[in-house]
Asker: 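Have a look at the structure that comes next, please.
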Amino acid sequence: MKKDTVRQGEKSEQIFATKCFVQYGYMVSQPNGTADYDLIVDVNGSLKKIQVKSSIKGDGNVNICKGTNAVKSGKQGKYPYPEESVDFFAIHNIPQNDWYIIPRSATGDAMNLRIALKRHGKYTHYKNNFGFKKW
């Protein structure tokens with residue numbers, strides 16, 4: 001079976017949107033055009049721009065960059081999301097079905113994150129952060 005990361009990402013977006021709406025009562029919207037964020041979540045009147053990322057690896061490593069590997073084609077390659085373009089990354093660790101909702105301001109210009117799955121790490125307190133806290 002061929003790995004389809006686009007479809008995997010789309011599924012995680014739908015799961016996240018449904019979880020926000022059904023479990024937490026947040027209104028969720030999607031942009032009609034191309035944007036740096038996947039969803040807007042209305043958290044008690046405060047609109048949050050969310051970029052959903054997912055990983056099937058189960059090792060806690062997640063790419064949070066945009067762009068492509070196609071540097072040869074004249075494109076920029078991979079680069080961090082501009083800080084003002086995304087408020088939170090919603091990271092779906094698929095094997096454990098865990099969600100880490102991490103503020104963009106906490107990631108700096110990192111293009112990869114390592115979520116500590118078996119011990120306490122830098123992003124552990126963002127697990128199931130459906131209150132969208134920035135700590």
Asker: Going hydrophobic residue to hydrophobic residue with side-chain gaps under 4.5 angstrom, can you get from Val41 over to Ile102?
Answerer: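 Hydrophobic grouping puts Val41 apart from Ile102.
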Asker: Give, for atom OG of Ser55 and atom CD of Gln8, the distance between the pair rounded to the nearest 0.5 Å.
Answerer: 7.0 Å
Asker: Determine whether more than 12 heavy atoms belonging to other residues, nucleotides or ligands lie under 6.0 Å from atom NZ of Lys11.
Answerer: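 Open: at most 12 neighbouring heavy atoms sit under 6.0 Å from NZ of Lys11.
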Asker: Could you check if a side-chain atom of Ile94 sits within less than 4.5 angstrom of a side-chain atom of Ser12, using non-hydrogen atoms only?
Answerer: yes
Asker: Mind listing the closest non-hydrogen atom pair of Ile91 and Leu113 along with its distance?
Answerer: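 So the minimum-distance heavy-atom pair works out to CD1-CD1, 3.5 Å.
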Asker: How long is the straight-line distance from CD1 of Ile50 back to OH of Tyr26, given to the nearest 0.5 Å?
Answerer: 10.0 Å
Asker: Would you tell me whether His92 and Asp98 have side-chain atoms, one donor and one acceptor, within less than 3.5 Å of each other?
Answerer: no
Asker: Is Val52 reachable from Tyr126 through a run of I, L, V, M, F, W or Y residues, each pair having side-chain heavy atoms under 4.5 Å apart?
Answerer: no
Asker: Please give me the minimum heavy-atom distance between Tyr37 and Gln51, naming the atom from each residue.
Answerer: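 Scanning both residues, the minimum pair turns out to be CA-NE2, 3.8 Å.
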Asker: Under the 3.5 angstrom rule, does the side chain of Arg114 hit a backbone N or O of Asp59 as a donor-acceptor pair?
Answerer: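 Judged by distance alone, yes, a pair lies under 3.5 Å.
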Asker: Between Arg104 and Glu84, is there a donor-acceptor pair closer than 3.5 Å when you use the side chain of the first and the backbone of the second?
Answerer: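 Not confirmed, Arg104 side chain does not pair with Glu84 backbone.
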Asker: Specify the closest pair of heavy atoms between Lys57 and Pro95, including all atoms of both residues, with the distance to one decimal.
Answerer: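 Closest heavy-atom pair between Lys57 and Pro95: C-CG, 4.3 Å.
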Asker: Do the side chain of Asn63 and the main chain of Cys65 share a donor and acceptor less than 3.5 angstrom apart?
Answerer: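 Such a contact is absent between Asn63 side chain and Cys65 backbone.
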Asker: Please tell me whether Tyr24 and Phe130 form a close aromatic pair, meaning their ring centres lie under 6.0 Å apart.
Answerer: yes
Asker: Testing Val43, Asp87, Asn44 for side-chain contact (heavy atoms from CB on, under 4.5 Å) with Phe132, which one passes?
Answerer: Val43
Asker: Begin from the C-alpha positions of Ile101 and Phe88 and carry the test side-chain contact (heavy atoms from CB on, under 4.5 Å) through to its verdict.
Answerer: CA-CA 6 Å; Ile101 304 165; Phe88 287 86; 3.8 Å; yes
Asker: What I'd like to find out is whether the side chain of Ser29 reaches to under 4.5 Å of the side chain of Leu39, using heavy atoms alone.
Answerer: no
Asker: Do Asn93 side-chain atoms and Asn97 backbone N/O form a donor-acceptor pair below 3.5 Å?
Answerer: no
Asker: What I'd like to find out is whether the side chain of Ile115 reaches to under 4.5 Å of the side chain of Tyr100, using heavy atoms alone.
Answerer: yes
Asker: For a quick check under 3.5 Å, do Ser46 and Lys48 share a side-chain donor-acceptor pair by atom type?
Answerer: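 Yes, Lys48 and Ser46 have a side-chain donor paired with an acceptor closer than 3.5 Å.
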Asker: Taking C-beta and beyond as the side chain, do Trp99 and Ile15 meet within less than 4.5 Å on heavy atoms?
Answerer: yes
Asker: Can you tell me how far apart CG (Asp42) and SG (Cys20) are? Round to the nearest 0.5 Å.
Answerer: 11.0 Å
Asker: Quick one: does Tyr81's side chain have a donor or acceptor within less than 3.5 Å of a partner on Phe89's backbone?
Answerer: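 Not at all, since once roles are kept as given, no pair shorter than 3.5 Å links the two residues.
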Asker: Could you please spell out the steps behind the side-chain contact (heavy atoms from CB on, under 4.5 Å) verdict for Trp135 and Ser105?
Answerer: CA-CA 10 Å; Trp135 277 281; Ser105 59; over 6 Å; no
Asker: Under the criterion side-chain contact (heavy atoms from CB on, under 4.5 Å), I'd like the reasoning laid out for Ile64 against Thr107: C-alpha separation, chi angles, the key distance, then a yes or no.
Answerer: CA-CA 9 Å; Ile64 60 164; Thr107 65; 3.9 Å; yes
Asker: In sequence, state the C-alpha distance, the side-chain angles, and the governing distance for Asp38 and Gln30, and then conclude on side-chain contact (heavy atoms from CB on, under 4.5 Å).
Answerer: CA-CA 6 Å; Asp38 294 315; Gln30 281 186 300; over 6 Å; no
